[in-house]
Amino acid sequence: MLAPMVGVIDTCILRPEADTTTDSLAQHCTGPQGSAAALVESTLSQLQPSYHHHAPFPVGYTLPVPLLQLFRAQGADWAIDTERIKRLVRTVRDTERPLILYLFSTHFSARAPIEEALARNTANLAQTRDGPLPISTYYGDPVYPWTFATTQTDISAKRVQATQALLDELCTLPAHDISKVRGITLLGELHHLFPDFEGGMGFNPPYRVTDYSPASVAGFQKYLATQFGKIGQLNRVLGSQFSSFMDVSPPSRDIRTESLQNYFEHIDSHAHGSMPIAGWAFAPPKDAASHPAWIHVYRNGIFVGKTAVNKGRQDVLLAKPEFGDANTGWRLDMDFKQLPAGLHKIDIFLERTPGQLVALGTRRVAIMDREQKTPVLQPQHPLPKHAPADGTLPAYVDMPADQSSYYYNPLVPLWHAFRGQQVLAYLRFFDTVVGQSCLAKAPRYTHQIIPFANPSWDAQKFAIDASLRNTNSIRLGVSLYGDATYGPDFPAWYGTTAHRRYGITEFHPLKALSAPELRKVLDQHARQGADFLSFFLEPYWQGNAVARDHNLFSLDPQNAKFGSSDLYKALQRLR
């Protein structure tokens, strides 16, 4: 089922009851029977005039419910806005199309007045080692770093209160209307945070991640005790000398620039034992039948592995629009946990034509031991036959930096695993709220990003791998952008998981596709087990776009960015 997320919240649901406008949309939205149903149908009818279960791609919709917008100020407190809830429920009742119910409350602002009040209580905010994270921005909108290290917070209580109020009202509907809810997505993107949300997703120091609140520190110590039973076993694994689990602090300092009480305090983007080797190359195939170009990596003259040049780099396309293609990125993650300490030589080659290598660059990196001894160059082996670097080849090696150093701290993978369990535990906590309602039998989905799909991002900062792989009763819900929508990486990763069904909670190829190309992509996801596919859609009333701040990623005939208008037209041709 195609389930576009129509922008009805700000245009209809949030309209004041005392709206004095006389336009026909306001009349449908407000009043005793007001809802967004007419607006939903007016918008979707341009893609598919009515819902057809047997259509190749039946068009339902995603109904977004911003949980924190379900409150109104009541003196010094906050009360549930029952009229907004009733409008949402009447939308379900009055729209014959099936829907995905999206219960969201994320770090992205919903522009709800209660957000500022909740943010003034630092107990609601995630913490780095330096204290509560400040409010950040993303494309100009606030980002509130809500904590999920504990459920005993006001933000959690308000999320639960709003969800229960909505579900209680939904459950008063006849069974026919309740059955329209084909799935529920939970919370939206839930992952650990870091300063400078818009620009801090990469590998640049200083390394600051969440969560270092007292509850989280105590939780980590309890996690270690559960995993290892006795402190002696942890010491054997780490090579440490801790007296008790209470003596183990989460790693939080950089050995290069800060004093450490013990080696296990060290952390950075690579301390879990993996080094990204990444960059970009504009190397289109010479004929349509050619495979993508490949990057070959050698360490000390010994082959490490190869990776395709096919990952999305919107930053490269922005700087080099003449390329006409964002899929110029590549990345190979090299495990260095077992490597001997010393200076290692990394050589990177481009293979555009099978068997013909061209040098892209050489980097010398130091694998350091705990004593920080001066690294000595490791024995070298002959490199494969190759052409020398060509200064005219449009390519660049971003990582690693030459003469950079790397320290493996065996406590760091345990810290990241614990942080991943925090994400998973909070999702399961929220899932129990929905599971106690009349919608208990409706499939529930996560709504997660896949940070490993972006070669420039440090996936460890997000700590969401556990929530992508093992959610028990919650199905995988994942947002796919760029080459993740149509390329080989997502299917390859998906095949390594135990999932059999999933939902695509946000979808945008970030480039134009023809109707046959789009059909091929949708058919592939259907074969893999996708239940629904959602994308942002601007609302239309009586054939005209509703005035609002348009979403940058909306598939819309008036949105020229990222091929969005062409994608919309392709969708229309899929009827």
Side-chain angles (χ1 to χ4, degrees), residues 1-15 23-26 28-29 36-52 55-64 91 95-100 102 139-141 312 314 317-318 321 324-326 479-486 504-523 525 532-575:
M1 181 176 74
L2 300 183
M5 194 183 309
V6 185
V8 299
I9 299 302
D10 55 330
T11 55
C12 189
I13 300 298
L14 301 185
R15 280 183 183 256
D23 67 89
S24 58
L25 177 57
H28 280 86
C29 294
L39 182 56
V40 168
E41 191 56 43
S42 175
T43 302
L44 298 183
S45 62
Q46 298 186 95
L47 287 178
Q48 193 174 82
S50 60
Y51 179 76
H52 296 290
F57 304 104
V59 177
Y61 67 104
T62 294
L63 181 61
T91 300
T95 308
E96 282 307 308
R97 297 177 190 259
L99 71 140
I100 300 297
Y102 176 21
Y139 285 103
D141 285 331
Q314 291 294 327
L317 181 60
L318 183 64
D325 185 7
S479 297
L480 301 179
Y481 284 83
D483 62 294
T485 63
Y486 55 80
I504 304 176
T505 49
E506 295 176 28
F507 172 89
H508 201 309
L510 298 180
K511 71 175 186 178
L513 296 176
S514 66
E517 289 172 329
L518 182 58
R519 179 182 291 274
K520 182 179 178 181
V521 171
L522 299 183
D523 284 341
H525 284 293
F532 68 90
L533 184 147
S534 181
F535 48 89
F536 294 110
L537 198 63
E538 293 301 319
Y540 276 73
W541 182 246
Q542 298 176 345
N544 298 311
V546 177
R548 67 191 293 265
D549 291 334
H550 284 202
N551 188 298
L552 183 67
F553 299 105
S554 285
L555 302 191
D556 184 80
Q558 301 180 39
N559 183 9
K561 295 182 180 298
F562 308 120
S564 299
S565 58
D566 291 325
L567 288 163
Y568 182 87
K569 294 171 186 175
L571 283 167
Q572 288 183 308
R573 298 188 185 104
L574 295 180
R575 296 178 184 177

Any non-hydrogen side-chain atom of [X] less than 4.5 Å from a side-chain atom of [Y]?
X: Pro4; Y: Leu44; answer: yes
X: Val521; Y: Phe507; answer: yes
X: Thr95; Y: Leu63; answer: no
X: Leu47; Y: Leu2; answer: no
X: Thr91; Y: Ile13; answer: yes

His28, NE2 atom: more than 12 neighbouring heavy atoms under 6.0 Å: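 No, not enclosed.
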Side chain to side chain contact (heavy atoms under 4.5 Å, CB included) partners for Leu25, two or more places apart: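 Residues passing side chain to side chain contact (heavy atoms under 4.5 Å, CB included) with Leu25: Arg15, Asp23, Cys29, Leu39, Trp541, Val546.
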Return the minimal non-hydrogen interatomic distance between [X] and [Y], and the atom names on each side.
X: Ala36; Y: Val8; answer: CB-CB, 3.8 Å
X: Ala570; Y: Ser514; answer: CB-C, 3.9 Å
X: Pro58; Y: Tyr51; answer: CB-CE1, 3.5 Å
X: Gln48; Y: Val59; answer: OE1-N, 2.9 Å
X: Ser564; Y: Ser554; answer: CB-O, 3.2 Å

[X] side, atom [atom1]; [Y] side, atom [atom2] - distance, nearest 0.5 Å:
X: Phe536; Y: Thr62; atom1: CZ; atom2: OG1; answer: 9.5 Å
X: Thr505; Y: Leu480; atom1: OG1; atom2: CG; answer: 7.5 Å
X: Met1; Y: Tyr61; atom1: CE; atom2: OH; answer: 9.5 Å
X: Asp566; Y: Leu513; atom1: CG; atom2: CG; answer: 9.0 Å
X: Gln572; Y: Leu574; atom1: CD; atom2: CG; answer: 10.0 Å
X: Leu99; Y: Met5; atom1: CG; atom2: CE; answer: 12.0 Å

Pair Leu518-Tyr486, side-chain contact (heavy atoms from CB on, under 4.5 Å): steps then yes or no: CA-CA 9 Å; Leu518 182 58; Tyr486 55 80; over 6 Å; no
Aromatic ring pairing Phe562/Phe553, orientation class (parallel under 30°, perpendicular over 60°, tilted between):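 Phe562 and Phe553: parallel rings.
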Report the residues that fulfil salt bridge (Lys or Arg N to Asp or Glu O under 4.0 Å) with [X], sequence neighbours left out, ordered by chain and then residue number.
X: Asp523; answer: none
X: Asp325; answer: none
X: Arg548; answer: Asp10, Glu538
X: Glu41; answer: Arg97

Is [X] reaching over with its side chain to a backbone N or O of [Y], donor-acceptor style, under 3.5 angstrom?
X: Ser534; Y: Ala3; value: yes
X: Asn559; Y: Leu552; value: yes
X: Ser42; Y: Ala38; value: no
X: Thr11; Y: Gly7; value: yes
X: Thr43; Y: Tyr540; value: yes

Evaluation steps, side-chain contact (heavy atoms from CB on, under 4.5 Å), between Gln46 and Tyr568: CA-CA 10 Å; Gln46 298 186 95; Tyr568 182 87; 3.5 Å; yes
Salt bridge (Lys or Arg N to Asp or Glu O under 4.0 Å): pairs with one or both residues in residues 549-559, sequence neighbours excluded: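 Output for this query lists Arg111-Asp549.
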Reference residue Tyr481; test side-chain hydrogen bond (donor to acceptor under 3.5 Å, both in side chains); the match among Glu506, Gln314, His508: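 When Glu506, Gln314, His508 are each tested with Tyr481, the side-chain hydrogen bond (donor to acceptor under 3.5 Å, both in side chains) holds only for Glu506.
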